[in-house]
Amino acid sequence: MLRDLHKLVRGLGQRLLPAPATAPLDDSEWRRLRLDAAFMDLLPPADLNALRERVGEFLGRKTFKGIGMRLDPWQQHLIAAYACLPILRIGIDAYRDWQTVIVYPDTFAPEQEWVDEAGVHHQAVVPQAGEAWERGPVVLSWSDIAADGAVIVHEMTHTLDAGNGDVNGFPPLPRTLPPAEWTDTFSAAYRRLQEEIERGDEPAIDPYAATDPAEFLAVVAEYFFFSPAHLQAEWPAIYRLLGLYFGLEPHRWANEIPTRLS
């Protein structure tokens, strides 16, 4: 009898909890999204179904704000589709620490400050296609999204990276992925990229990845999702670890995956 009472009370408590916010797309919205985001037609059916669920969760939990532009629902849907690729297996809770997506019509130019290796303080206006703060918001440029949706994955990877409290190229890892292996492999690849650039060699990936370990992670995440064959060929160890982290194998989708707005 006590066991039955316990089940009853637990069931009532579960029903009293608010359901997680979700805003699923209807069939016409989903068809429009598939036309806009060409990469979606390369996903296997199971991954496509998972993406539809994640998109609904993202739209239900995040707030969009256009600055100097009207942000239509289809644009929000497109952003959500790219944003949900990195969390297809990880889950929407990985984005729980931030709330708002801000979108500018074009590249924006925030003022930045930094101190160089000589201790000299600098201040400048630096054009940006995207920016992600540790606790949000995520800031994006629509013109850059239309040209290359990979910028969204780049910024979302920064938010995942921030899950340990710092944006440093070391996100919270699944238990099955040894932290030492991640650190050693990524550190070696990062040094290799810097050495290639210092020698004047053609780097294997975008040299922006050599800015710091956080940018390295965000850039290789772009390659993982959209140029998987290239990353697997150039840096198989990095590709393997990202596959374990994201729980995906994009090289099975296609060698190159389109990122332009269709």
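On a predicted model such as this, the values are computed, not experimentally measured, just so you know.
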Passes side-chain contact (heavy atoms from CB on, under 4.5 Å), Val139 versus Tyr104? Steps please.
CA-CA 8 Å; Val139 188; Tyr104 285 86; 3.5 Å; yes
Determine, step by step, whether His77 and Arg32 satisfy the side-chain contact (heavy atoms from CB on, under 4.5 Å) criterion, reporting the C-alpha distance in whole Å, the side-chain angles of both residues, the deciding distance to 0.1 Å, and the verdict.
CA-CA 9 Å; His77 301 166; Arg32 167 70 192 267; over 6 Å; no
What's the verdict on side-chain contact (heavy atoms from CB on, under 4.5 Å) for His154 and Val219, showing C-alpha distance, side-chain angles and the deciding distance?
CA-CA 6 Å; His154 183 108; Val219 170; 3.8 Å; yes
Decide yes or no on side-chain contact (heavy atoms from CB on, under 4.5 Å) for Ile92 and Arg61, but give the supporting numbers first.
CA-CA 9 Å; Ile92 191 67; Arg61 302 183 191 194; 3.1 Å; yes
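Thr159 contributes a side-chain N or O that, together with a main-chain N or O of Met156, makes up a donor-acceptor pair within less than 3.5 Å. Within the 3.5 Å criterion, the main-chain N or O of Thr157 finds no donor-acceptor partner in the side chain of Asp161. Within the 3.5 Å criterion, the main-chain N or O of Arg191 finds no donor-acceptor partner in the side chain of Gln194. No donor-acceptor pair under 3.5 Å is formed between the side chain of Glu53 and the backbone N or O of Leu48. Arg54 places no side-chain N or O within 3.5 Å of a backbone atom of Leu85 that could act as its donor or acceptor partner.
Within a 6.0 Å sphere centred on CZ of Arg199, other residues, nucleotides and ligands contribute more than 12 heavy atoms.
Considering Phe225, Tyr223, Tyr239 as possible partners of His230, the one that fulfils the ring pair (Phe, Tyr, Trp, His ring centres under 6.0 Å) test is Tyr223.
Here the closest non-hydrogen pair linking Ala210 and Ile197 is CB-CD1, 3.5 Å. Nearest heavy-atom pair across Cys84 and Leu51 is CB-CD1, 3.8 Å. Contact record, Ala94 with Ile90: CB-CG2, 3.6 Å, taken as the closest heavy-atom pair. Between Ala189 and Trp235, the shortest heavy-atom contact is O-CZ2, 3.7 Å. Of all heavy-atom pairs between Ser187 and Thr183, the closest is OG-O, 2.7 Å. The minimum heavy-atom distance linking Phe170 with Pro179 is given by the pair CZ-CB, 3.8 Å.
Rounded to the nearest 0.5 Å, atoms CZ (Arg260) and CD1 (Ile145) are 13.0 Å apart. Summarising the geometry, atom CG belonging to Asp144 is positioned 10.0 Å from atom CD belonging to Glu155; distances are rounded to the nearest 0.5 Å. To the nearest 0.5 angstrom, Thr63 atom OG1 is 9.5 Å from Gln76 atom CD. Note that CG of Leu88 and CG of Asn49 are 10.0 Å apart. Values are rounded to the nearest 0.5 Å. Note that the CG atom of Leu35 and the CG atom of Asp41 stand 8.0 Å from one another [nearest 0.5 Å]. Of the inter-residue distances, the one linking Met40 atom CE with Trp30 atom CH2 reads 3.5 Å to the nearest 0.5 angstrom.
Looking at Asp47 and Arg89, a side-chain N of the basic residue comes within less than 4.0 Å of a carboxylate O on the acidic one, giving a salt bridge. Between Glu195 and Arg192 no salt bridge is recorded (no basic side-chain N to carboxylate O distance below 4.0 Å).
Between Tyr95 and Phe58, the two ring planes are perpendicular [angle over 60°; tilted spans 30° to 60°]. The aromatic rings of Trp74 and Trp142 sit perpendicular to each other, their planes meeting at more than 60°, with 30° as the lower class boundary.
Centroid-to-centroid, the aromatic rings of Tyr245 and Trp182 come within less than 6.0 Å.
Side-chain contact between Leu242 and Phe186: present, with at least one pair of heavy atoms (C-beta onward) separated by less than 4.5 Å. Side-chain contact between Pro86 and Phe246 is present, with at least one heavy-atom pair separated by less than 4.5 Å. When side chains are defined from C-beta on, Tyr82 counts as touching Thr259, because their heavy atoms get closer than 4.5 Å. Looking at heavy atoms from C-beta onward, Ile87 lies in side-chain contact with Leu160 at the 4.5 angstrom threshold. You'll find the side chain of Thr176 stays beyond 4.5 Å of the side chain of Leu244, heavy atoms only. In this structure the side chain of Leu193 reaches within 4.5 angstrom of the side chain of Pro203, judged on heavy atoms. Looking only at side-chain heavy atoms (C-beta outward), Leu33 and Leu78 come within less than 4.5 Å of each other. Side-chain contact between Glu196 and Glu202 is absent, with no heavy-atom pair separated by less than 4.5 Å.
In this model, no donor atom of one side chain and acceptor atom of the other lie less than 3.5 Å apart for Thr22 and Glu57.
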